[in-house]
Number of protein chains: 2
Amino acid sequence: MEDKLTQAVEDYLKAIYELSQTEGRASTSKLAEYLEVTPASVTGMIKKLASANPPLVDYQKHRGVVLTEAGMNEALETLRHHRLLELFLHDILGYPWDEVHEEAERLEHVISEKFEERIAAVLGNPKHDPHGDPIPRLDLSMPASAETRLSDLGKGDSGTIKRVRDTDADLLRHLSDLGVTPETQVKVVDYSDYDKNTHLKIKNQDEVVVLGQNITEQIYVEA
Amino acid sequence: MEDKLTQAVEDYLKAIYELSQTEGRASTSKLAEYLEVTPASVTGMIKKLASANPPLVDYQKHRGVVLTEAGMNEALETLRHHRLLELFLHDILGYPWDEVHEEAERLEHVISEKFEERIAAVLGNPKHDPHGDPIPRLDLSMPASAETRLSDLGKGDSGTIKRVRDTDADLLRHLSDLGVTPETQVKVVDYSDYDKNTHLKIKNQDEVVVLGQNITEQIYVEA
DNA sequence: ATATAAATTTAGATTAGCCTAAAGTTATTT
DNA sequence: AAATAACTTTAGGCTAATCTAAATTTATAT
Ligand SMILES: [Mn+2]
Ligand SMILES: [Mn+2]
Ligand SMILES: [Mn+2]
Ligand SMILES: [Mn+2]
C-alpha cells in the first residue's frame, strides 16, 4: 500500500493535476491525448489509481477523475522535482530554456529527496522555474503566479513578463530570440484591434517587437 | 536492432565488465550474486544479450559470457555516466562520497548525452571519480589507474593515495573520517608481519593511523 | 566408472504498462 | 423518441524483467 510510485503513475497524476487546472474533472480522452496513449490504457490506469491504498483519484465511470488529497500531494511532489530540475538544468548546467522540459520529464522520477534538497539549496530555494511557473514549496504549498495575460494589456500599459507557457519548444526559442523572457520589463506601444497584434517595447532594446494574439495569450505579466 | 537499451541491460553489461576485470568470462552464478537476482534470471537475460543485433556478449552455454566490441562500448558509456555523476554529486552538490554510488546507479540510465556533456564541462573533463576510479573518456578509452595496493608497501615507503574500492559505504565513511582519501600523501611508518597491520603517517595530521590488511588491500597508491 | 555436489538451463508464472478491436454508455440532433 | 456521433469501458494480447521449481550438465571425489 505504500510502495514507491512507478514513473507511469507519477506522470498520470501530474497530467490529472495539469488538466484539472482548466476543466474540473480530467476525462479519459483528454488524459489519453495529453499522455499520448490510447483511451483504453487510461481507463486501466485510472482504475488502479482509484483502488490504490490510499486512493489517489476519485473516479466516477464515464465522468473522469479528480485527485484525492493523497494524489494531489504526489502530483505536487513530482511537479516540484520537475520544476527544480528545469531551473537547475538552465541555471547550473547552461541548458537553453526550450530543452529543459524533456530532460526534467525523465529525471523527475529518478532523483532522491536528497537530490531535490541539494539542488534547491544550490539554487537558493527558488520560487519559479525558467518559464516562470511556480515551484511547489517543500511543504507542497504553491507560490502565487501571475495570471494577467499580455493579450489583455492595452496601448500604453506596461509591466514585467512573469511567465510563459512552456509546452511549445519552438515558441520558447522564438521568444528568447526576441528577448521576451521572465523578469523583462515591457511596454505596449501599440495594439491593433483588427489583427490583434501587440507592439511591444522591450527595456534596453531598440527595435519594437510585434506579437500575434496566439503568442500574447501564452505570456503572463504583472503590472 | 538499434533501440535504446533498457536499464536492466545496461546494468548487466556493466556487471559483466566489472567481473571480467578479475576473471576471464563472467559466469552465470557470479553475475547473479553481483546483481542480486537468481541464476535463472541471468540465463534469460544473457540469451537476449547474445541474440541482440549486434550481439552484446559472446555466450557459451555453461561457461559464461564475455562482452563483444559493441557490448564493451555500451558498458563503458554507462560507466562514464556513472562516474561523471558520482563526481558531480560529490563536487557540485556536496554529497558525501559514500552516498554518491546509489544515486548515480539510477541516474546513469536516464541522463542524455547532453547532460553527460554538460557535467563533464562543468567538472573540467575530469579523469577520476571521487573514489579515484578512472572515468572513460568521450571516445571510451580508459585513463591509466594506480594498481599498487597500499598493502604492498613496506616500512619507510611513501606515496599518494590514488584510489579506493567503492563497494562498501561503511568503509568509505571510515576512511574519510581517518583522512584517507585520494590525493592524500602518506608514509608507512611501521608494518607488522604478525597481524599485517600498516601504520600510516598522513600528511598534515599528527596521529598515526593503523589499518588492517582487509582495508589496505582496498586502497591503491602511487609512489 | 559411479556417485554426489555444484552450477546452469528450462519451463511455467507473475507484474506493470501498454496495445487493438469490440461492446457499451452518454450526449446531441433531427 | 430514435438515430447518430462521441466517448468510455471491456476483453484479450504483447513485451520486459523478474521469480520458483524441476531438469540437465559439468566438475569432483570416491
Ligand atoms: Mn515524467
Ligand atoms: Mn516549466
Ligand atoms: Mn544502474
Ligand atoms: Mn566510484
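Each chain gets a letter, A, B and so on, in the order the sequences are listed, and its residues count up from 1. Any value given below was found using the heavy atoms of this structure, including those in side chains, with hydrogens, waters and symmetry copies removed.
For residues 121-130 of chain A, no pair satisfies side chain to side chain donor-acceptor pair (under 3.5 Å), with sequence neighbours left out.
At whole-Å resolution of the value, CG in A/Leu49 and C1' in C/dC18 are 15 Å apart. Put simply, NE2 on A/His62 is 5 Å from P on D/dT9, counting in whole angstrom units. Residue B/Leu31 contributes atom CG, which lies 11 Å from atom P of C/dT9 at whole-angstrom precision.
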Name the atoms and distances for all side-chain donor-acceptor pairs under 3.5 Å in residues 80-88 of chain A, with sequence neighbours left out.
residue	atom	partner	partner atom	Å
A/Arg80	NE	A/Glu116	OE2	2.7
A/Arg80	NH1	A/Pro136	O	2.9
A/His81	ND1	A/Glu108	O	3.0
A/His81	NE2	A/Glu77	OE2	3.1
A/His81	NE2	A/Glu113	OE2	3.1
A/His81	NE2	A/Glu116	OE1	2.8
A/His82	ND1	A/Glu108	OE1	2.9
A/His82	NE2	A/Glu86	OE2	2.9
A/His82	NE2	A/His101	ND1	3.1
A/Arg83	NH1	A/Pro134	O	2.7
A/Glu86	OE1	A/His131	ND1	3.1
A/Glu86	OE2	A/His101	ND1	3.3

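Side-chain proximity of B/Thr38 to D/dC19, C/dA27, D/dT18: nearest is D/dC19. Side-chain proximity of A/Tyr12 to the nucleotides D/dT10, D/dC19, C/dC18 is greatest for C/dC18. Listed nucleotides D/dT26, D/dA16, D/dT9 differ in distance to B/Arg63; the shortest reach to its side chain belongs to D/dT26. Among D/dT18, C/dT8, D/dT26, the nucleotide with an atom closest to any side-chain atom of B/Val37 is D/dT18. Side chain of B/Ala40, nearest nucleotide from C/dT9, D/dT18, D/dT8: C/dT9. For A/Pro39, whose side chain is taken as the heavy atoms from C-beta onward, the closest listed nucleotide among D/dT26, D/dT10, D/dT8 is D/dT8. Closest approach to the B/Ala8 side chain among C/dT8, D/dT18, D/dA21 is made by D/dT18 (side chain taken as heavy atoms from C-beta onward). Minimum atom distance to the side chain of B/Thr43 is reached by C/dT8, of the listed D/dT18, C/dA27, C/dT8.
Between B/Glu10 and B/Lys4 there is a salt bridge, since a side-chain N of the basic residue sits under 4.0 Å from a carboxylate O of the acidic one.
Backbone-only contact: B/Ser29 has heavy atoms under 4.0 Å from sugar-phosphate atoms and none from a base. Residue B/Ser41 is classed as a base contact, given a heavy-atom separation below 4.0 Å to a base.
Among B/Leu49, B/Val42, B/Thr43, the single residue meeting the side chain to side chain contact (heavy atoms under 4.5 Å, CB included) criterion with B/Met45 is B/Leu49.
There is no side-chain donor-acceptor pair under 3.5 Å between A/Glu183 and A/Thr181.
A sub-4.0 Å separation between OP1 or OP2 of C/dT9 and a side-chain N or O of B/Tyr59 is present.
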